[in-house]
Amino acid sequence: MGHSLLDTRVRVFANDRVWMEDAALQQLHTTAGLAGMRAAVGLPDLHPGRGYPVGAAFFSVGRLYPALVGGDIGCGMALYETELRPHKTSASRLAQALGCIDGRLPDHAVSPEARAALHDIAQRAELFTADELVASLGTIGGGNHFAELQVVDQVHEPGVVDAKRVHLLVHSGSRGLGSAILRAHIDGYNHGGLAAGDEAARQYLAQHDAALAFAELNRAHIAQRMAQALRTDLRPVLALSHNHVLPHVWGGEAGFLHRKGATPADQGLVVIPGSRGDHSHVLRPVAGRHEALDSLAHGAGRKWARADCRGRLKPRFSLTELLQTRFGSAVVCADKALVYEEAPQAYKDVDAVVATLIEAGLVVPVARLRPLLTYKKGALDQPDAEDEAGRRPRDGRGRPGKASNHASGQVSGKTPRGGLPCC
DNA sequence: ATGTGC
C-alpha cells in the first residue's frame with residue numbers, strides 16, 4: 001500500500017461556537033483510515049451519519065466508496081430569484097397560492113425534453129424505468145429536504161442577489177433512484193469500496209452520474225411547479241450537489257473526491273442554508289483553498305439525533321407552535337414526525353457555522369436570506385384534501401407513508417377525489 | 001435519505 005492512516009491528512013474546520021459531537025469526529029477518523037484515503041476534511045456542520053459522517057469530504061486514490069456518498073446521490077441545492085416582491089406577499093398568502101405541490105406531477109408538467117432526459121437517465125442508471133422516474137420527478141421527499149421561499153435580509157456584496165425579489169431555495173435529491181443504486185452496490189460488494197479500474201467501479205460511476213442528472217432535474221421541476229403555482233418566472237442563481245464522488249486531483253495525485261454533505265467550493269457561488277428557523281447564506285468561495293478539499297459546509301448540521309427530537313420538543317411546544325418560526329415564517333409539513341425532526345432546535349447555529357468558514361478564509365459573505373415559507377410535505381392521503389378551492393387540510397389525520405407519492409392515477413387504486421394528481 | 005419494512 002505504501003500509505004497508512006498516519007499519511008492521511010485529517011483536518012477539521014470548527015470553532016468553539018460550533019457544536020461538535022465526538023461520535024462525528026470518531027467517524028471522520030475511522031473513515032479516513034479506509035484503504036486509499038489521502039485526506040479527510042470535517043466541515044463545521046459535521047455530524048454523525050450511518051457509519052460515515054455528514055458534513056465531510058474525503059480524497060482517495062485507487063479506490064472509491066459508494067457507501068460514503070450514501071443513498072441520496074446528487075442531493076443538493078438550487079437557488080432561484082422569483083419575480084415576487086417581498087412587501088406584496090405574506091407567508092399565509094404564499095401557502096394558500098401554493099396549495100399542494102407534492103406527489104406526482106401532472107403529465108403536462110413534464111415536457112418532451114424532460115421525458116427524453118429521463119429515458120436517457122433510466123438507461124444509464126439501469127434500475128428504474130423512465131416512467132418510474134416520472135413518478136418521483138418534482139417531488140421534494142422527506143428528511144431535511146425542503147423548498148423554501150426567502151427574502152433577502154442582508155447584502156454584503158451588491159449586484160449578486162436582488163434584495164427586492166423573493167428567492168426560492170430547493171434542497172432535494174435523487175429520491176428512490178440513488179438509494180436503489182447504493183443498495184445494489186452494497187448487496188454486491190459490501191462496504192469495502194471499489195478498485196478504480198474495475199468494471200464494478202465503472203458501472204457505479206455511470207449510475208452515480210445518472211443519479212446526479214436526475215437529482216438536478218428533480219430540483220428544477222420542484223422549482224418549476226412552485227413557480228407555476230405562484231405565477232412567476234424564475235431566474236437560476238446557482239445549482240450545486242453536495243453528495244457525490246468526482247474525479248479529482250489533490251497533492252499531485254489523481255483520485256476521487258467524495259463529498260458527503262459538503263458543498264463544492266470550486267464551482268462558483270454557493271448557498272448554505274440553516275434550519276427552517278434560521279438564515280441561509282449566499283457566499284463566494286475563495287479560490288485555491290485546497291486544504292479544505294475544495295469543500296464547504298452544506299447546512300447547519302444536526303445537533304440532535306432524529307430519534308431524540310420528538311421526546312425533547314413535545315413537552316414544550318405544540319405542533320402549531322412548531323409550524324411557525326421566530327421569523328414569523330410558516331412551515332407546510334403534513335408529516336408530524338418531520339415537524340419534530342426538522343425543528344430549528346435540532347440544528348446547529350448556521351451563523352456560527354458560516355462564521356467558521358469566513359474566519360478560516362474559505363468564503364466571503366455575499367448575502368443573507370430569511371425564510372418566508374418552508375414547504376416540506378403536502379398532505380396527499382387526506383380523503384377530503386381537495387375540497388373547495390383553496391381549502392387545505394388541517395395537519396394531523398392522515399398517515400403519511402408509503403403511498404404518499406403515489407396518490408395519483410391508478411397506482412394504488414386509491415383515486416383521489418377530483419382526479420387531480422395531488423391533494 | 002428511502003416505493004423506508006414484516
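Sequence lines set the chain letters: A, B, ... in the order given, protein chains first and strands last, and positions in each chain run from 1.
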Enquirer: When the distance from NZ of A:Lys377 to P of B:dG3 is rounded to whole Å, what number comes out?
Expert: 9 Å
Enquirer: Classify the nucleic acid contact of A:Gly176 as base, sugar-phosphate or nothing, counting any heavy atom under 4.0 Å across all strands shown.
Expert: base
Enquirer: Under 3.5 Å, which donor-acceptor pairs do the side chains of residues 17-28 of chain A form with other protein atoms, sequence neighbours left out?
Expert:
{"unit_1": "A:Gln27", "atom_1": "OE1", "unit_2": "A:Gly49", "atom_2": "N", "d": "2.9"}
{"unit_1": "A:Gln27", "atom_1": "NE2", "unit_2": "A:Gly49", "atom_2": "O", "d": "2.9"}

Enquirer: How many Å lie between CZ on A:Arg50 and C1' on B:dT2, as a whole number?
Expert: 10 Å
Enquirer: Roughly how many Å is it from NE2 in A:His145 to P in B:dT4, rounded to a whole number?
Expert: 16 Å
Enquirer: Hey, is the side chain of A:Arg183 poking within less than 4.0 Å of OP1 or OP2 on B:dT2, counting only N and O atoms?
Expert: no
Enquirer: Atom CG of A:Leu338 to atom P of B:dT4: distance rounded to whole Å?
Expert: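 Those two atoms, CG and P, are 15 Å apart.
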Enquirer: Heavy atoms only, 4.0 Å cut-off, all strands: where does A:Gly142 land among base, sugar-phosphate and nothing?
Expert: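 Sugar-phosphate: the residue A:Gly142, judged by heavy atoms under 4.0 Å, touches backbone atoms but no base.
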Enquirer: Between atom CG in A:Asn218 and atom P in B:dT2, what is the gap in whole Å?
Expert: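 Those two atoms, CG and P, are 9 Å apart.
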Enquirer: If I take atom CG in residue A:Leu182 and atom P in nucleotide B:dT4, what distance separates them, rounded to the nearest angstrom?
Expert: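 For the pair A:Leu182 CG and B:dT4 P, the rounded distance is 15 Å.
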Enquirer: Can you tell if the side chain of A:Leu177 reaches within under 4.5 Å of the side chain of A:Ile121, non-hydrogen atoms only?
Expert: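 In contact.
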Enquirer: Check A:Arg225, A:Arg175, A:His221 against A:Thr139 for a side chain to side chain donor-acceptor pair (under 3.5 Å) and give me the one that passes.
Expert: A:Arg175
Enquirer: Rounded off to whole Å, could you give me the CD1-to-P distance for the A:Ile73 and B:dT2 pair?
Expert: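 Taking atom P of B:dT2 as the reference, CD1 of A:Ile73 is at 12 Å.
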Enquirer: With side-chain hydrogen bond (donor to acceptor under 3.5 Å, both in side chains) as the rule and sequence neighbours excluded, what pairs involving residues 47-65 of chain A come up?
Expert: A:Tyr52-A:His191
Enquirer: Could you check how far CD of A:Glu132 sits from P of B:dG3, rounded to whole Å?
Expert: 11 Å
